[in-house]
Amino acid sequence: MFDDLRDLYQEVILDHGRRPRHGVRLAAYDATAKGDNPMCGDRVQVWVRHEADGRIAETGFEARGCAISIASADLMAEVVGGHSDAEIRDLAGKFRNMARTGTAPDGDAAMERLRPLAGVHEYPSRVKCATLAWHALLAALDGKGDSSSE
Amino acid sequence: MNLADIRAQFPILNESVRGKQLVFLDSAASAQKPRAVIDAMVHAMEHQYANVHRGLHWMSERTTEAYEGTRDAIAALLNARDRHEVVFTGNSTGAINLVAHSYGRGILRPGQAVLISGMEHHSNIVPWQMLRDAHGIELRVAPITDAGELDMTAFEALLADRKVGLVSITHMSNVLGTYTPAARIAALAHAYGAKVLFDGSQAIVHRKIDVQALDADFYVFTGHKLYGPTGIGVLWARRALLEAMPPFMGGGDMISSVSYECSTWAELPHKFEAGTPAILESIGLNAAIGFMNSVGYDAIAAHEASLTDHALSRLAGIEGLNVIGRAQDRGGVVSFTMQGAHAHDIATLLDRQGIAVRAGQHCAEPLMRRLGLDSTARASFGIYTTHDEIDTLADTLIRVREFFA
């Protein structure tokens, strides 16, 4: 019945939406921020711990939201490890672009991992579900504490 | 009532969505429009349109008659004593803001309280918060029970110190489908010296409203949920209250005379209708009321009660599905959650089958908190909804559950 929805709900999204690997509050962190989408009630908080060299050691999150928003937060937490803040800002821009247009540059390992989320571009009302965690992560890196995907 | 005949009057119901027959279960957000409404507005634009209340020419006189004719239709619909008690606004939100501004700042005194309930739409919360912060009014919230009904004991207790000057409360919850006991609420409010406003945005779509029988002081509703156009709503209030209230917005149409030193206000209801009103929308709303009257509230209520019973029974049979709210007196608005599936995911999957529901907080964030929820999916029924559509919803929800299992 929902075969044509498999573009949006790929197995990796259903899997990470059901069983996020990084859905934990970090005990030790140096940056955190909340994101919320007031229109729909989705909420996320992201915690980040950096290495001494400025690269991300670990990312965790707690979220209340749909399969797309949880899976997106989880895949984000997975791919940002080992990257500098500048690299993450670049990645976030590419991800936002992919969520809106469905296309992402080839040959980028992190973007390949995130590509299952490209399907949201066909669902304008769901793009913000996919980008919510990224908004929160960027707010954490900017030291802002709060963000919104509206 | 002949459902096939009724459906035939709504052209949009023939549309397909994503290759499927449209199943429109989002009427509580905004209802679809019957042919009579569409034709009345097009006819006005093609044959009979000018500004109202000012022209000394044929077109303006005829258009004024049409505009004022809608006021008569609304007075009759609500069983108002006096057509001058009917004020046009932009929507229910506009009507509540009018009361919050004019009655709130003009009549209520700092230290008095406004009492709302724990199941209000944001439109019946935020205007009172703004009044509270600007004018020193206390805002009280009467709690609801776990079943989603107004806690009448707590409600009365909040009136006991007689500080409440106005009770402003929904007549039917847009999330839970609960009808509030309006006549009892009005009697209690009056016993403690308070006036009462009912937000009838949902209720008037499904039930005959008699403002005299309810003993209401203010009653508000919006046109677009009543099968009419967007951009027009109604404030009904007792004449003595409207006469005592200062105007809300200043401008043309609402004045008697203007000089740089002072202006005087027009008679009711024009005192509250500054600027060129929603003329075409008033003509559409009159047609919508005519449509409602042609079907009849008894038939509408019976049809929707049957739909609601059927929906509650079908949804109860779906494992992991939880209907939110178990009020005794309820109408055709059914919110639910599903284990393992978020409301947005449910809505997206249903949409793929052509089924339109709403998902989210339904402009009722404090109520969602009270229920311990972030969001629900909501199916809401209209005059054109069929039992088959509810079966389609239920059958599809079973597949949704399998998809996320």
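Heavy-atom basis, side chains included; hydrogens, waters and symmetry copies ignored. If you're wondering where the values come from, they're calculated on a predicted model, not measured in any experiment. First the proteins, then the strands, lettered A, B, ... as listed; each starts at 1.
Note: A:L5 leads A:L5, A:L14, A:I70 in heavy-atom pairs under 4.5 Å with chain B.
Surrounding CE of B:M130 are at most 12 heavy atoms belonging to other residues, nucleotides or ligands under 6.0 Å away. Within 6.0 Å of CD in B:Q339 there are 12 or fewer heavy atoms belonging to other residues, nucleotides or ligands. No more than 12 heavy atoms of other residues, nucleotides or ligands lie within 6.0 Å of CG in B:D146, so this atom counts as exposed by the packing criterion. Heavy atoms from other residues, nucleotides or ligands lying under 6.0 Å from CD of B:E402 number more than 12. Other residues, nucleotides and ligands contribute only 12 or fewer heavy atoms inside 6.0 Å of the CZ atom of A:R64.
Ionic pairing of B:R352 and A:D3 is not present here: no N-O contact between side-chain nitrogen and carboxylate oxygen is shorter than 4.0 angstrom.
In this structure, chain A has a heavy atom under 4.5 Å from the side chain of B:Q353, while its backbone stays farther away. In this structure, no portion of B:R358 lies under 4.5 Å from any heavy atom of chain A. Contact annotation for A:I68: both backbone and side-chain heavy atoms come within less than 4.5 Å of a heavy atom of chain B.
Nearest heavy-atom pair, B:F404 versus A:R18, reported as atom, atom and distance to 0.1 Å: O-NH1, 2.9 Å. Between A:C129 and B:H344, the closest heavy-atom pair is SG-ND1, 4.3 Å.
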Chi angles and distances behind the side-chain contact (heavy atoms from CB on, under 4.5 Å) call for A:R6, B:F403: CA-CA 10 Å; A:R6 290 289 169 188; B:F403 187 87; 3.4 Å; yes

Start with the C-alpha gap between A:F2 and B:T348, add the side-chain angles, then the distance that decides, and say whether side-chain contact (heavy atoms from CB on, under 4.5 Å) holds. CA-CA 10 Å; A:F2 302 117; B:T348 294; over 6 Å; no

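Between A:M1 and B:L349 the shortest side-chain heavy-atom distance does not fall below 4.5 Å.
Checking side-chain atoms of B:D345 against main-chain N and O of A:C66 turns up no donor-acceptor pair under 3.5 Å.
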